[in-house]
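So the structure is just underneath, and the comments pick up after that.
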Number of protein chains: 2
Amino acid sequence: MSQSDRSSAVRVRLVDVARAAGVSKTTVSDALNGAGRLPAATREHVRQVARRLGYRPNATARLLRAGHTRLIGFAAREYVETPWVYAELAYFGQLVTAATRAALTHGYGVVLLPTSGPDDCWLDMPLDGVFVVDPVEGDPMVGDFLAAGIPVVSDRRALAEATGGAGTVGRWIDFDHGGAVRRVLDHLEAAGAERIAVVAGATTACFHQESAAAYRDWCAERGREPSIVCLPGPGLQPTLEAVEELLDGPAPPDALFILVEVNPPLLLEAVRRCGRSVPDDLLLVCTTEDPTALHTDPPISTLSFLPGETAEAAVELLVDSVEGRAGEPGRLFSAELRIRASSAFPATA
Amino acid sequence: MSQSDRSSAVRVRLVDVARAAGVSKTTVSDALNGAGRLPAATREHVRQVARRLGYRPNATARLLRAGHTRLIGFAAREYVETPWVYAELAYFGQLVTAATRAALTHGYGVVLLPTSGPDDCWLDMPLDGVFVVDPVEGDPMVGDFLAAGIPVVSDRRALAEATGGAGTVGRWIDFDHGGAVRRVLDHLEAAGAERIAVVAGATTACFHQESAAAYRDWCAERGREPSIVCLPGPGLQPTLEAVEELLDGPAPPDALFILVEVNPPLLLEAVRRCGRSVPDDLLLVCTTEDPTALHTDPPISTLSFLPGETAEAAVELLVDSVEGRAGEPGRLFSAELRIRASSAFPATA
DNA sequence: TTGAAAGCGCTACCAT
DNA sequence: ATGGTAGCGCTTTCAA
């Protein structure tokens, strides 16, 4: 019954191999890990016995011994109440994808963390470090990990600097959100827009806060009337409805800057339903990572927050922290405005 | 310097708290875990000391003690060479999302596994079980985990039954792919289609294999000429090109059944570019989990493989295995055909 | 060349 | 009511 050998509930341990091979635990360990100075014969013998018995080292025990787990956590905190809804947004999807890939190249695995749960249940996971996206003000998760001496990288510089302090904790990546928004607005203005409306999220994420503020400032500086709709959530339907309302309302805008993730093709369709044509009739810039923005007709200008690059940077900062390397405390990125036909100068100009 | 207290590199251990509080390790453990029969005063005292010192239990040590990790792995094996590209497909995204959510409700965390890497590096992770999606024939990852006595759930019944055997290993979820394909074809035929073309993937995933075979059989039974395009990868552009080629080619089809993930709005746009109109001119069914299929004009009929439900089932099977509960060896699902306007009987009928 | 023994940090048994 | 101690399974130092 070789089958019942293997699937029997009792796992074979190092000491079992040692006994079966008639050697000590040390010898087995050395033989299997290529350590020590064993004669090739002993080594081979031990290996054979180990294989015959179907021995696999216990990962947890090695980790305890090693003092690290090569596991990093990933958490997105914005929608704390409804865990993992955000996974369906292209931005978060790409973020976790890139983080995973980056972690793997550094020899780390990624653990998807719960955003809610019994108290500080996240501390029960054997993590070497954590990447926290969109931490909330005074985030308990961040606090817990830092207090436990587990390095944290977040995407909020201000928050990281407020909490951490010493060398190995509280590093960050971040964006100049206000600057990015102004760049978009300037671009739209240069393209001839006179009434730029903004659709923003109403969450606590600093991204939305800062973006909305920047928009208002920008308008104030020019004596323009701000026209902004704040959405409670990231749903597709509410966003499209908000757009249609704006376009069908009084004093419709001649440019739209969408700050929540929205499906580009469907957005375009909604705009058309309102009898507007992009870009002749309405300039359009979206904050989305959805790759279909490239393939619509016309292609849509986007403001990208570079999930791939930033996740990679975050993981690198984290790994540096974990492995005790000093280094930069954080990295500031610039959102990338990708100008495409939806906001280019009208072809007629 | 309360700050340097907390971030100092040396983590405070249980024994440190015990010493500081003038009690034994046992008392500290009991006090903190609410075990034992300590007087409230002792308990409180110990807790205060622990808090003052910033004590956090070492997760790895507890896990070693506990004999389990409450961590399950998630791996998708189809595109082993280019890890995590698939994360951008709606199907996989929803799969990992649902699996994560389900795992969390059972008190398990999810570890995203590398699909390639130095030999059996995945065994270094302290996992209680693994969910392997699209395992390849004779998958080494599956074999390694089973050999290590770590329960595996995969989405290939045949493979699971070939490998495992005994109670705690090799459970499965699966679909009757052939049946699903035939259901779609029957539906299209009933809706009046006479030339149904299929766009399929060319990967080793049994889904593609079985689907293509079912299509060919179905055609053969009716003496129809099969018209099938096999795509090497999941890219958006190649898929759209294949569709346009089909529609512009000789003997264009009057119905299209797309078996790879494609963006619904863009697909519709491509179809229109070919001068066809859905559904009057061309019936359309897609195998996609992209939620925008609902919002296009017309909405697109889809064949859904229920990533949410199946991931949940997989996690439940896995948790049962891990916790030593006997139970069903697997669960067979039926793909769900969601008929919408894109494949309904022409309105003119 | 090999092995005994000491831990990694924690929990749980069984004395006191 | 409290604490000593054994042990989870492994690696590693050090002595033989």
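Keep in mind the model is a prediction, meaning the values are calculated, not measured. A, B, ... follow the sequence lines: proteins, then strands. Residue 1 opens every chain.
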In terms of heavy-atom contacts, B:Met141 and B:Val132 come closest through SD-CG2, 4.4 Å
* Asked: Is there a donor on the side chain of A:Thr26 or the base of C:dA4 sitting less than 3.5 Å from an acceptor on the other?
  -> yes
B:Asn58 has its side chain closest, among C:dT2, D:dC10, C:dC10, to C:dC10
By the 4.0 Å heavy-atom rule, please label A:Thr42 as base, sugar-phosphate, or nothing.
sugar-phosphate
Between CG of A:Leu64 and P of D:dT12 the distance, given in whole Å, is 13 Å
On a heavy-atom basis, the closest approach of B:Ala99 and B:Val110 is O-CG2, 4.1 Å
Rounded to whole Å, NZ of A:Lys25 lies from C1' of D:dT11 at a distance of 9 Å
Atom CG of B:Asn33 and atom P of C:dC13 are separated, to the nearest Å, by 13 Å
Rounded to whole Å, the CG-C1' distance (A:Leu14 to C:dC8) equals 16 Å
Separation of C:dT1 atom C1' from A:Glu44 atom CD, nearest Å, is 18 Å
In whole angstroms, the gap separating C1' of C:dA12 from CG of B:Leu63 amounts to 17 Å
- Does the pair B:Asp139/B:Arg77 count as a salt bridge with the N-to-O cut at 4.0 Å? yes
**Prompt:** OP1 or OP2 of D:dG9 sitting under 4.0 Å from any side-chain N/O of A:Tyr55?
**Reply:** no
Quiz item: Can B:Thr97 and B:Thr100 be counted as having a side-chain donor-acceptor contact under 3.5 angstrom?
Solution: no
Assign each of A:Arg65 and B:Ser24 the nucleotide of DNA chain D bearing its closest heavy atom; nearer the 5' end lies the nucleotide of B:Ser24
- Query: If only side-chain N and O atoms of A:Arg13 are considered, is one of them under 4.0 Å from the OP1 or OP2 phosphate oxygen of D:dC10?
  - Reply: no
Between CG of B:Asp124 and P of D:dC10 the distance, given in whole Å, is 13 Å
A:Asp30 CG to C:dT1 C1', in whole Å, measures 11 Å
*Does the side chain of B:Ser29 get closer than 4.0 angstrom to OP1 or OP2 of C:dT11 through an N or O atom?*
yes
Under a plain distance cut-off of 3.5 Å, with no hydrogens placed, do A:Trp122 and A:Asp144 share a side-chain donor-acceptor pair?
yes
